[in-house]
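Starting from 1, each residue takes its place in the sequence as its number. These figures come from a predicted structure and were not determined experimentally. When a ligand or atom number is given, it counts from 1 through the structure's own listing order.
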Amino acid sequence: MSETILVTGGAGYIGSHTAVALAERDVQVVIVDNLANSSAKAIEAIDRLGGRRVIFHEIDLLDADALGDVFQAHPIDAVIHFAGLKAVGESVEKPLDYYRTNLLSTMNLLDQMAANDVWDLVFSSSATVYGDPKILPIPETAPLGPTNPYGRTKHMIEDICRDAAAADRRWRISLLRYFNPVGAHPSGELGEDPRGIPNNLVPFVMQVAVGRRERLSVFGDDWETDDGTGVRDYIHVLDLASGHVSALDRLEPGCDEFNLGTGTGVSVFDIVKTVENVTGVSIPYEVVDRRPGDIATSLADPSKANEKLEWRADRSVDTMLTDSWRWQSNHPNGFNDEQHLTAEAEG
Ligand code: NAD
Ligand code: WQD
């Protein structure tokens, strides 16, 4: 009998790639998403790429009754919880929206899981829970200290999960702390589709490469790093997706945390150079002031996930950016525009 996995936020960037990875393993995927930051076209792409249809319910996780109906309708074995709001800057502007959405939707989910005797959960946490790290590379045992409301919602949800698991040993929870997810499905049919001006480096650079934006603003070249620009641990979204599958397969009673990263540091200038190589397009940029709240370096120690989850992120930065570019150049305006660049050029 095939497994049934509920994927909240499955129409979004990481959830959609994970849904494909699950469908490829013949899992029945049930997606709930309110499409607040995603498109129903992602669901169509998951169906095409995964080789079997997912079940999609367009609901808000804040609606506990609607969520309860989903648990009643399907024999759910486990949940991967991606749904939530994720923009750091917006969370500073609208903290109550972030606390309400991220915390209450998780509470509704945990309540419905317990009520329906479902105890297996993989949760999207973030390296942002570490704040400005004191130890590099960062192990899971490093002190936590998020510096913005978004990060604090992740920290609070981690605490809620740890407390729930300590009180009831039926829970089996993995908290996955992602570093910097980039890349896209190699088909070029599924990728990151941010609304408005991208907050993150790679989507922004890709939009410069495709001609949607004039130039990149580099947020400081006077950081304490080799070339003065910020260093991050970028991880291919497909490696992240397989990390979820490994985590699901290896859930143990209690609640445990895992860094999902590569352990390799890459600077803003490294990204610009690699994008220029893989796209053949020169990326105009200007160095501007540091972005408030930024840190010099974020780098995972992924050894715990390597060992306990028997998982490793091995796709290179070249592959990440080649795959991002295939998606971006096939879909210059993301899911909103099915027009292809080649068609435009021919027309
Ligand atoms: P995303 O915005 O593409 O996906 C999140 C999905 O959740 C969206 O499809 C959105 O419509 C849905 N959603 C939001 N609020 C909802 C609600 N109340 N009810 C139902 N659906 C709702 O984001 P992503 O990049 O795929 O991130 C997935 C998860 O991973 C998030 O929890 C995010 O905080 C976490 N995370 C992301 C990153 C990153 O850089 N992308 C890094 C670390 C952690
Ligand atoms: C990477 C580097 C910037 C944009 C954020 C969240 C974090 C997590 C992942 C969810 C930094 C520089 C960026 C630009 C630039 N999300 N940069 N010009 O800040 O590491 O992490 O996304 O959990 O919580 O904070 O990623 O891609 O924004 O920045 O120079 O236009 O690129 O200063 O050094 P970040 P990012």
Side-chain angles (χ1 to χ4, degrees), residues 7-18 31-40 42-43 57-63 66-67 80-89 91 97-98 100-102 104-106 108-109 123-131 146-148 150-151 153-154 157 176-182 191-195 197-205 207-208 213 215-221 223 225 228-235 237 240-241 244 260-261 266-272 285-299:
V7 179
T8 77
Y13 173 45
I14 306 168
S16 59
H17 289 83
T18 304
I31 290 178
V32 296
D33 198 303
N34 66 357
L35 304 183
N37 195 38
S38 50
S39 162
I43 304 289
H57 294 282
E58 185 177 340
I59 63 161
D60 194 315
L61 284 184
L62 294 175
D63 183 345
L67 184 59
I80 309 183
H81 179 34
F82 293 101
L85 302 177
K86 64 160 185 178
V88 171
S91 81
D97 287 354
Y98 272 67
R100 185 180 310 105
T101 299
N102 290 0
L104 297 186
S105 61
T106 305
N108 285 342
L109 179 67
F123 171 64
S124 301
S125 187
S126 169
T128 200
V129 296
Y130 297 115
T147 55
N148 56 71
Y150 163 70
T153 68
K154 293 292 179 192
I157 294 169
L176 303 184
R177 295 173 179 160
Y178 319 149
F179 279 66
N180 288 61
V182 299
E192 189 168 11
D193 183 18
R195 300 215 167 150
I197 301 171
N199 298 308
N200 297 117
L201 178 64
V202 170
F204 198 102
V205 178
Q207 292 194 5
V208 175
R213 313 217 171 257
R215 72 173 69 80
L216 170 72
S217 296
V218 174
F219 299 144
D221 64 355
W223 295 96
T225 60
T229 65
V231 167
R232 297 291 183 273
D233 185 333
Y234 296 94
I235 174 170
V237 67
L240 210 46
H244 289 76
L260 296 190
V266 174
S267 76
V268 176
F269 285 155
D270 292 333
I271 293 284
V272 170
Y285 68 83
E286 63 177 331
V287 177
V288 301
D289 286 348
R290 292 179 176 192
R291 182 172 61 177
D294 260 356
I295 55 177
T297 302
S298 168
L299 193 57

Test log, rule side-chain contact (heavy atoms from CB on, under 4.5 Å), inputs Val7 and Phe82: CA-CA 7 Å; Val7 179; Phe82 293 101; 3.6 Å; yes
Derivation of the side-chain contact (heavy atoms from CB on, under 4.5 Å) call for Ile43 and Glu58: CA-CA 11 Å; Ile43 304 289; Glu58 185 177 340; over 6 Å; no
Evaluation steps, side-chain contact (heavy atoms from CB on, under 4.5 Å), between Val287 and Asp221: CA-CA 7 Å; Val287 177; Asp221 64 355; 3.6 Å; yes
Audit row: Ser125, Leu176, side-chain contact (heavy atoms from CB on, under 4.5 Å) steps and yes/no: CA-CA 5 Å; Ser125 187; Leu176 303 184; 6.0 Å; no
Residue pair Asp270, Ser267: steps toward the side-chain hydrogen bond (donor to acceptor under 3.5 Å, both in side chains) verdict: CA-CA 5 Å; Asp270 292 333; Ser267 76; 3.2 Å; yes
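Considering only non-hydrogen protein atoms, atom 4 (O) of ligand 1 sits nearest to Gly12 CA, 3.5 Å. Regarding atom 18 (N) of ligand 1, its nearest protein heavy-atom neighbour is Asp60 OD1, 2.9 Å. When hydrogens are left out, the protein atom nearest atom 2 (O) of ligand 1 is Asn37 ND2, 2.7 Å; that is the closest non-hydrogen contact. Counting only heavy atoms of the protein, atom 10 (C) of ligand 2 lies nearest to Tyr150 OH, 3.0 Å. When only non-hydrogen protein atoms are considered, atom 25 (O) of ligand 1 lies nearest to Lys86 NZ, 2.8 Å. Closest to atom 31 (C) of ligand 1, if we only count protein heavy atoms, is Phe82 O, 3.1 Å. Distance from atom 11 (C) of ligand 2 to its nearest protein heavy atom, with residue and atom name: Arg232 NH2, 3.5 Å. Nearest protein neighbour of atom 25 (O) of ligand 2, counting heavy atoms only, is Val88 CG2, 3.4 Å. The nearest protein atom to atom 26 (O) of ligand 2, hydrogens excluded, is given as Asn180 ND2, 3.1 Å; this is a heavy-atom distance. Considering only non-hydrogen protein atoms, atom 34 (O) of ligand 1 sits nearest to Tyr150 OH, 2.6 Å. Among all non-hydrogen protein atoms, the one lying nearest atom 19 (N) of ligand 1 is Leu61 N, 2.9 Å. Of the protein's non-hydrogen atoms, the one nearest atom 8 (C) of ligand 2 is Ser126 OG, 4.2 Å. With hydrogens left out, the protein atom closest to atom 10 (C) of ligand 1 is Asp33 OD1, 3.4 Å, a heavy atom. Scanning the protein for heavy atoms near atom 5 (C) of ligand 2, the closest one is Asn200 ND2, 3.5 Å.
Leu85 and Asn102 get closest at one heavy-atom pair: N-OD1, 2.8 Å. Scanning both residues, Lys154 and Ser126, for their nearest heavy atoms gives CG-CB, 4.4 Å. The minimum heavy-atom distance linking Asn199 with Ala87 is given by the pair ND2-CB, 3.7 Å.
The residue from Phe219, Tyr234, Tyr285 that puts a heavy atom closest to atom 2 (C) of ligand 2 is Tyr234. Heavy-atom proximity to atom 32 (O) of ligand 2, evaluated over Asp294, Val268, Ile295, is greatest for Val268. Considering each of Asn34, Leu260, Thr128, the one bringing a non-hydrogen atom nearest atom 16 (C) of ligand 1 is Asn34. Distances from atom 15 (N) of ligand 1 to the heavy atoms of Ser126, Gly10, Gly84, Gly9 show the closest one on Gly84.
Looking only at side-chain heavy atoms (C-beta outward), Glu286 and Leu216 stay at 4.5 Å or farther from each other. Looking at heavy atoms from C-beta onward, Asn37 lies in side-chain contact with Arg195 at the 4.5 angstrom threshold. Inter-residue side-chain proximity for Thr18 and Ile80 is flagged as met; some heavy-atom pair is nearer than 4.5 Å. You'll find the side chain of Lys86 stays beyond 4.5 Å of the side chain of Thr153, heavy atoms only. For the pair Val231/Thr225, a side-chain contact is recorded, criterion being any heavy-atom separation below 4.5 Å from C-beta on. The side-chain heavy atoms of Val266 and Ile271, taken from C-beta on, include a pair separated by under 4.5 Å. No side-chain heavy atom of Leu201 sits less than 4.5 Å from a side-chain heavy atom of Phe219.
Residue contacts with ligand 2 for Tyr178 are absent, since no atom lies close enough (heavy atoms, distance under 4.0 Å). At a heavy-atom distance under 4.0 Å, no atom of Ala127 approaches ligand 1. For Glu192, no heavy-atom contact with ligand 1 is shorter than 4.0 Å. The side chain of Arg291, and not its backbone, has at least one atom closer than 4.0 Å to an atom of ligand 2 (non-hydrogen atoms only; side chain from C-beta on). The residue Thr8 has no part lying near ligand 1, judged by heavy-atom distances below 4.0 Å. Residue contacts with ligand 2, taken as heavy atom pairs separated by less than 4.0 Å, involve Leu216 solely via side-chain atoms from C-beta onward. At a heavy-atom cutoff of 4.0 Å, ligand 2 is contacted by both the backbone and the side chain of Leu201. Of all the heavy atoms of Ile59, the ones lying under 4.0 Å from any atom of ligand 1 belong exclusively to the backbone. At a 4.0 Å heavy-atom cut-off, ligand 2 does not touch Val231 at all.
Of the possible polar contacts, one joining the Thr8 side chain to the Ala83 backbone as a donor-acceptor pair under 3.5 Å is found. Counting only distance, with no hydrogens or angles, the side chain of Asn34 and the backbone of Ala36 share a donor-acceptor pair below 3.5 Å. Remark: side-chain polar atoms of Arg291 are not paired, donor with acceptor, to backbone N or O of Gly220 under 3.5 angstrom.
Of the N or O atoms in Ile14, one or more lie within a sub-3.5 Å distance of an N or O in ligand 1. Backbone and side-chain nitrogen or oxygen atoms of Ala83 are examined, and none is located within less than 3.5 angstrom of a nitrogen or oxygen of ligand 1. Inclusion of Leu62 in the set of residues having an N or O under 3.5 Å from an N or O of ligand 1 is not warranted. Considering backbone and side-chain N/O of Ser105, none are found under 3.5 Å from N/O of ligand 1. Considering backbone and side-chain N/O of Ser125, none are found under 3.5 Å from N/O of ligand 1. The distance criterion of under 3.5 Å between nitrogen or oxygen atoms is met by Tyr13 with respect to ligand 1.
Using a non-hydrogen distance threshold of 4.0 Å, Ser217 registers as a contact of ligand 2. Not a single heavy atom of His81 sits closer than 4.0 Å to an atom of ligand 1.
Atoms of ligand 1 found under 4.0 Å from any heavy atom of Ser124 (numbered from 1 in listed order, with element): 29 (C), 30 (O), 32 (O), 35 (C). Numbered from 1 in the order shown, with element, the atoms of ligand 1 that lie under 4.0 Å from a heavy atom of Leu35 read 11 (O).
Ring planes of Tyr98 and Tyr150: perpendicular class, angle over 60° (limits at 30 and 60°).
The environment of OH in Tyr285 is sparse: at most 12 heavy-atom neighbours from other residues, nucleotides or ligands sit within 6.0 Å.
The closest side-chain donor-acceptor pair between Tyr178 and Ser124 falls under 3.5 angstrom.
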